[in-house]
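Each chain gets a letter, A, B and so on, in the order the sequences are listed, and its residues count up from 1.
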Amino acid sequence: METTTQTPPVEEPKLWGLLAEYPDEAALKIAAEKVRDAGYQKWDCYTPYPVHGLDQAMGVRPTILPWLVLGAGLTGCAVATALQWYCNSPQTANPTAGLLAGYPLVFSGKPYWSLPANIPIIFELTVLFAALMTFFGVWGLSRLPQPYFPAFNSPRFRRVTDDGFFIILEARDKVFRLDQARQLLLDTNSSAVEEILSLQRRTP
Amino acid sequence: MTTETDNTPDNPRQRATLILGETGQSLHEVTVAVAGVAEAPPPPRAWYVAMAISLSLLGVLGLMVLYLFFTGVGVWNLNRPVGWAFDITNFVFWVGIGHAGTLISAILFLFRQKWRTSINRFAEAMTIFAVACAGLFPAIHIGRVWVFYWLFPYPNQMAMWPNYLSPLLWDVFAVSTYATVSVLFWYMGMVPDLATFRDRAKSKIAYYSYGIFSLGWRGSNRHWHIYERAYLILAALATPLVLSVHSVVSFDFAVSQLPGWHTTIFPPYFVTGAIFSGFAMVVTLAVPARELFGLKNFITLRHIDNMAKVILLTSCIVGYAYSMEFFIAWYGGNSWEQFHFHNRLNGPMWWAGWTMLTCNAIVPHVLWFKSVRTSVWVLFVVSLLVNVGMWFERYVIIVVGLTRDFLPSSWGSYAPSYVEVLTLLGSFGLFLTLFLLFCRYLPMVAMAEVKSILPSQQHREEHGHEHEKV
């Protein structure tokens, strides 16, 4: 029997981006403004907590999430109203509809359809749909979960969830030229600048 | 007891310090202090002792529930006319406990109360575990638990649908929405902190498990931007939701005709009572936890003092609601209503009525004294009494109401069976087991949020603004 050793295809590690570290959020904000003004698009700041004023410094446009949530909330409202009307309405009590036939219930001579009694469920489903959209929307718009991220290769970058403030310029950006990018980051009071390569594995 | 830094005095010219510590509280020190709880190889011995007790109680709960399933609801002492007793009392009690967590995480967030950051994670976890306990009781009290899904509207061979005019069905929707939203809120808030745990992980198991649940979070500002907006939206959704949940729970009673139940004051009265009991439970858990895990610099005397003030305020409102019930019973001139409230304090279950009144409306008034609010263990005892009182409040409303309705010929009596008592105790086992596991393996304090309110960071922020002007 012939044994073959499989070797993974060797690929040259490519430059993925340039990482710069900053001592605090004030230095980061000033640097972010400079990078923004230099015309970069594929870049980001990385901080251990949300830094106020950084959105303006970076020129991040407001997220569309609130509109998605509004849409989901209105959907929930409509679904709950329709559901409650459909299930207990004589108009839908059609025996040929099988499992989906409505079932009009008579309680104490109350009407089949009475909006005040249906409001609690309308409210709850509105909130439920909106909350689900918020939760899944935040990850969808952020393109998460993303288990692999090239900067995770850098031991320095691990401090981002602790006390590190970083800027990464991605190499795929149209205006990215390594020398100019390095110079830009060195000019912004960064405490360190390093290259990030893709295609490496990090171990704990 | 060690002496504690007193950061309670208010000086309007200066923001109070919310995070204490000797060495300036750098960002890294916050990480070390919070992550250290989960990373320390052996937890404190008290944790093992508490875990052993909680697991035993959880085992008791399991046995009692199995006994119930295999034998039937007859193992409980429910009867006619007392069709609800411990089961629904426990349900209302536990749902109420959960409300403080949502109040702290959502309502105080909307009000920009920065002191919430030290306790919100913790309180949200408490909410979820309390709602888990609450969900248990309606689920097991329905008799044939294996058809619990009949509660939900789904197309079925019987061609029947639920009755949307019933508050019991509103409850199904309200409580399941509440549980879902609480879990989403808690988990979403925890993702950045799980990423911190991932980046500090020493073992492969920790690295991969925190790695999976942190979703690849990396503190990207483009993510923070969406995340912060989402957090605000969830807080804005959770605020009316939490008010609706206990209102709907109160409709279970208020919509019926029974004297003592049929009142319009119930929704606000129930919501306040829920916040009251929930804050008491937060104090009950926070006082030992800060002692045990060395979190006194995060959960400071000021936090304890603030929580005591909320307890005092809600106690006053609950006391007002009690007085108003008695007043309306007298003023309304309805003889059944008058009899019910007379019966509450003088009937065969007078002891339950007086326990509720003493623990909820009288004892908390010691919190007017600052010396009591800042002596944590005295406050701990007060919070335990409030928990007892609030459990009895629901017991009095439900059982005293049901034993004496309109016709003396249909009166009855009730005393719990051992199964009911042990199921209640067992639910504490479920709650505490989940809570102890949470303390050990998950970030107990919202690190990312605490970091954003550190005095050193605020100073830097001001400095940064000056720099921008130049």
Using heavy-atom distances under 4.5 Å, tell me whether [X] contacts chain B through its side chain, its backbone, both, or neither.
X: A:Ala101; value: backbone
X: A:Pro50; value: both
X: A:Trp85; value: neither
X: A:Asp162; value: both
X: A:Pro116; value: neither
X: A:Pro111; value: backbone
X: A:Val69; value: side chain
X: A:Ile168; value: neither

Top of [options] for chain B proximity - count of heavy-atom pairs under 4.5 angstrom:
options: A:Thr126, A:Val127, A:Ile121, A:Leu65; result: A:Ile121
options: A:Ser114, A:Pro145, A:Ser142; result: A:Ser142
options: A:Gly73, A:Gly137, A:Pro147, A:Ala130; result: A:Ala130
options: A:Val160, A:Leu132, A:Thr47; result: A:Thr47
options: A:Asp44, A:Thr63, A:Val138; result: A:Asp44
options: A:Ile64, A:Val51, A:Leu105; result: A:Leu105

Any side-chain donor near an acceptor of the partner, [X] and [Y], under 3.5 Å:
X: B:Thr31; Y: B:Lys451; result: yes
X: B:Ser244; Y: A:Glu124; result: yes
X: B:Asn120; Y: B:Ser105; result: no

Would you please indicate if the ring centroids of [X] and [Y] are separated by under 6.0 Å?
X: B:Phe251; Y: B:Phe266; result: no
X: B:Phe197; Y: B:Tyr210; result: yes
X: B:Tyr154; Y: B:Tyr149; result: yes
X: B:Trp217; Y: B:Tyr227; result: yes
X: B:Trp170; Y: B:Phe173; result: no
X: A:Tyr22; Y: A:Phe166; result: no
X: A:Phe149; Y: A:Phe152; result: yes

(request) Starting at CG of A:Leu169, measure out to CD1 of A:Ile196 and round the result to the nearest 0.5 Å. (result)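 It is 11.0 Å, given to the nearest 0.5 Å.
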
(request) List the steps, then state whether side chain to side chain donor-acceptor pair (under 3.5 Å) holds for A:Gln91 with A:Tyr112. (result) CA-CA 10 Å; A:Gln91 280 97 316; A:Tyr112 296 121; over 6 Å; no

Between [options], which shows the greatest number of heavy-atom pairs under 4.5 Å with chain A?
options: B:Leu165, B:Val245, B:Leu237; answer: B:Leu237
options: B:Arg222, B:Glu449, B:His223; answer: B:Arg222
options: B:Ala448, B:Ala230, B:Ser220, B:Pro162; answer: B:Ser220
options: B:Pro153, B:Pro155, B:Pro192, B:Ser214; answer: B:Pro155
options: B:Ala206, B:Ser166, B:Ala195; answer: B:Ala195

(request) For A:Lys42 and A:Lys174, run side chain to side chain contact (heavy atoms under 4.5 Å, CB included): C-alpha distance rounded to whole Å, both residues' side-chain angles, the deciding distance at 0.1 Å, then the answer. (result) CA-CA 8 Å; A:Lys42 309 279 185 207; A:Lys174 282 191 189 107; over 6 Å; no

Contact class of [X] relative to chain A, heavy atoms under 4.5 angstrom:
X: B:Trp224; answer: side chain
X: B:Pro240; answer: both
X: B:Val191; answer: side chain
X: B:Asn156; answer: backbone

(request) Would you indicate whether B:Phe213, at its atom CZ, is surrounded by more than 12 heavy atoms from other residues, nucleotides or ligands within a distance under 6.0 Å? (result)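 No.
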
(request) Just do the side chain to side chain contact (heavy atoms under 4.5 Å, CB included) check on A:His52 and B:Glu228 with the steps written out, would you? (result) CA-CA 11 Å; A:His52 291 282; B:Glu228 280 207 290; 3.9 Å; yes

(message) Walk me through whether A:Asp187 and A:Gln183 qualify under side chain to side chain donor-acceptor pair (under 3.5 Å).
(response) CA-CA 6 Å; A:Asp187 288 346; A:Gln183 196 55 47; 3.3 Å; yes

(request) Search all heavy atoms of A:Leu197 against all heavy atoms of A:Asn153 and return the closest pair with its distance. (result)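 The answer is O-ND2, 3.0 Å.
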
(request) For chain A, find its close neighbours in residues 177-186 of chain B: heavy-atom separation under 4.5 Å, sorted by number, or none. (result)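 The residues closer than 4.5 Å to chain A, in numerical order, are B:Thr177, B:Thr180, B:Val181, B:Leu184.
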
